[in-house]
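Here the structure is a predicted model, which is why all the values come from computation and not from measurement. By convention in this document, chain letters (A, B, ...) are assigned in the order of the sequence lines, proteins followed by strands, and residues within each chain are numbered from 1.
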Amino acid sequence: MEKSVVPFADELLIIGGSAGSLDVLLQVLPELRVPVSKAIIIVVHRKNINDLILTELLSAKTTVPVKEAEEKDPIQQNIIYIVPPDYHLLIENDKTFSLDVSEKVNYSRPSIDVTFSSAAEVFGNKLTCILLSGANADGVEGLKAAKRNGGTIIVQHPDSAEIPYMPLQAIKAIEADYVLNDEELKDYFARLNV
Amino acid sequence: MFIIKDEDVELLINDLLEIHGYDFTNYSKASLKRRISNLFITDRFPSFAEFRYKVRTDNDYLLRFVEQVTVNVTEMFRDPLFYKTLREEVIPNLAARPIIRIWHAGCSTGEEVYSMAILLKEANLLHKSLLYATDINPSVLEKMRKGIFPLSQMKQYSENYHTSGGTSSLSDYYTAQYEWAIFNKSLGEKIVISTHNLVSDSSFNEFQLIVCRNVLIYFDKDLQNKVFRLFDQSLETLGYLALGSKETIKFSSITAHYRQLGNKEKIWRKV
Ligand SMILES: C[S@@+](CC[C@H](N)C(=O)[O-])C[C@H]1O[C@@H](n2cnc3c(N)ncnc32)[C@H](O)[C@@H]1O
């Protein structure tokens, strides 16, 4: 008999965050109920957490499989992909990943802008971007691209963000579809499938 | 912001192949599109038609285009533990050879090649080594020829160097002048520099070690396979193939007669 293959994701959720975003992730991921019909990508800036530790930390909080995004991987639903440190993650038209070591963007590699923008082109209105706490303006240009292509924009409420700078920049620059505090974010993750 | 459309990328790829002989057909389209869009914006072209005309007709601009569209970012001792493995497990196995031939394919401005020269020097093997440094872009190779790198990077490189097991001081290998680190001439003497296009050029020698890092991530599977065959033809039995930290030969046609060292670093030995 054919082994069951994980279906391709036609919807994508990308979560971008910087300083202060890890705690939010640890809070919201346990709310997810398997199987999630979307693919989820997490792009976080991090200085000293190595990739294995981050993957382990997040895996411990959810039954959805968590793995590092690898070049040429097909994007599948019910998987949480972590962008590896020191690479940008791009998305090809055939919904596979490409890694890229080009210049840092907003002092960051991976850059949230790069992945949001690239995904916006491919996933259009099937894309949801969430921007969390952080101390730089990465993500804002990417949210604009997502918006232009019909995607949905969610920004963590600056009052509930540990470092409100990044969400504030986003809210100033674009009209977010939702601005959610921590409880609302949890609720969003709990209802991701319905 | 992406202004260039998928169809525009296809047009440019065709022009490059038909007019100039550069084949980007099997490159990552997402990266090409992003780089082309950035270049289009930076160089302030009023329209795509003018941009395309310039690429088709102006040979100087063509060089700039190819350089900008390929990604040339590099570092000394990037991924220090990779270099530690070279230092401890690979280089000692090459020591008995009368001449050690190493090929750095897609070496960009040469930081990687100078790092290797330092490892060989510290193993007392540089005098009998030859480091072939190749890239598709003549301009990055020109930079390497000078052996001069930005001084501002040296703090990072020095940390990398020590993590890779280096016990001297990186500054022993260069003199600082204004904002530049000028590397000792003796390191450059064994480096042979030449353009080489992995897509269209063939094997040119036999090596004991081939290093090709962060180049294959820009190629699709077919092109990766083609390049792996080229490397296989260019590598002696018991020679080593070293790739970037996110690259693998695992799914390729040559994988059967290669064995990975340990399991963390992306280094394989031909058996
Ligand atoms: C990201 S750099 C990698 C530099 C270095 N190996 C490192 O890992 O730091 C990629 C290099 O591959 C070169 N390249 C791209 N396509 C190539 C081709 N077809 N043949 C040879 N070199 C190529 C680019 O010009 C660039 O210098």
Side-chain angles (χ1 to χ4, degrees), chain A residues 41 47-48 50-52 67-75 81-105 107-111 113-124 140-149 151 173-174, chain B residues 1-10 26-39 41-42 67-75 78-82 106 108 111-112 156 160 213-225 243-248 250-252 264 266:
Chain A
I41 299 175
K47 284 252 156 53
N48 298 316
N50 90 24
D51 35 337
L52 287 174
K67 68 183 292 275
E68 193 177 280
E70 292 180 51
E71 58 132 4
K72 315 267 186 297
D73 265 0
I75 302 177
Y81 298 96
I82 312 285
V83 181
D86 235 9
Y87 286 83
H88 296 303
L89 184 77
L90 299 171
I91 290 158
E92 302 289 339
N93 285 336
D94 65 358
K95 298 185 178 168
T96 58
F97 291 129
S98 282
L99 294 171
D100 167 32
V101 289
S102 64
E103 297 78 1
K104 291 182 177 178
V105 174
Y107 311 100
S108 312
R109 190 174 54 216
S111 148
D113 275 344
V114 170
T115 304
F116 279 180
S117 305
S118 180
E121 301 251 306
V122 176
F123 280 84
V140 176
E141 285 304 314
L143 289 181
K144 286 186 195 164
K147 185 101 197 167
R148 265 201 313 279
N149 286 280
I174 38 163
Chain B
M1 174 145 115
F2 294 102
I3 293 179
I4 299 289
K5 298 193 288 293
D6 290 342
E7 306 86 81
D8 301 335
V9 174
E10 296 303 330
N26 294 80
Y27 277 57
S28 151
K29 293 290 181 320
S31 176
L32 281 182
K33 188 174 176 189
R34 172 168 178 261
R35 306 288 296 181
I36 292 173
S37 300
N38 287 346
L39 182 63
I41 293 165
T42 311
E67 187 190 333
Q68 292 299 312
V69 157
T70 54
V71 170
N72 301 305
V73 175
T74 184
E75 257 177 52
R78 182 187 185 127
D79 310 317
L81 297 181
F82 166 81
S108 191
E111 282 81 342
E112 173 190 286
Q156 175 69 49
N160 291 356
R213 309 195 73 211
N214 298 311
V215 180
L216 297 166
I217 45 174
Y218 297 102
F219 296 177
D220 72 12
K221 282 220 167 93
D222 290 340
L223 183 54
Q224 286 184 352
N225 260 314
L243 305 180
S245 61
K246 302 298 170 198
E247 295 161 330
T248 180
K250 206 155 77 193
F251 309 106
S252 78
K264 184 103 205 317
K266 298 295 167 52

Checklist entry - Does any heavy atom of chain A fall under 4.5 Å from the side chain of Asp6(B), the backbone, both, or neither of them? => result side chain
Next on the checklist: Which atoms of Ser245(B) are under 4.5 Å from chain A, going by heavy atoms: the side chain, the backbone, both sets, or neither?
Outcome noted: both
Next on the checklist: Heavy-atom pairs under 4.5 Å with chain A - which of Ser28(B), Gly244(B), Ser31(B) has more of them than the others?
Outcome noted: Ser28(B)
Checklist outcome for this item: Partner of Val122(A) under side chain to side chain contact (heavy atoms under 4.5 Å, CB included), picked from Ile91(A), Ile75(A), Leu90(A), is Ile91(A)
Item to check | Set of residues satisfying side chain to side chain contact (heavy atoms under 4.5 Å, CB included) with respect to Asp94(A), sequence neighbours excluded | outcome: Glu92(A), Thr96(A)
What part of [X] gets within 4.5 angstrom of chain B, counting heavy atoms only: side chain, backbone, both, or neither?
| X | answer |
| --- | --- |
| Asp86(A) | both |
| Glu103(A) | both |
| Leu99(A) | both |

Item to check | Result of checking Lys33(B), Lys29(B), Lys5(B) against Glu121(A) for salt bridge (charged side-chain N to carboxylate O under 4.0 Å, His left out) | outcome: Lys33(B)
Next on the checklist: Out of Ser98(A), Gly142(A), Ser102(A), return the one with the most heavy atom pairs under 4.5 angstrom to chain B.
Outcome noted: Ser102(A)
Checklist entry - Would you say the side chain of Phe97(A) lies within less than 4.5 Å of the side chain of Asp73(A), judging by non-hydrogen atoms? => result yes
Item to check | Cation over ring face, Lys144(A) and Phe116(A), 6.0 Å, 45° | outcome: no
Checklist entry - Is the NZ or CZ atom of Arg35(B) both under 6.0 Å from the centre of the six-membered ring of Tyr218(B) and within 45° of that ring's axis? => result no
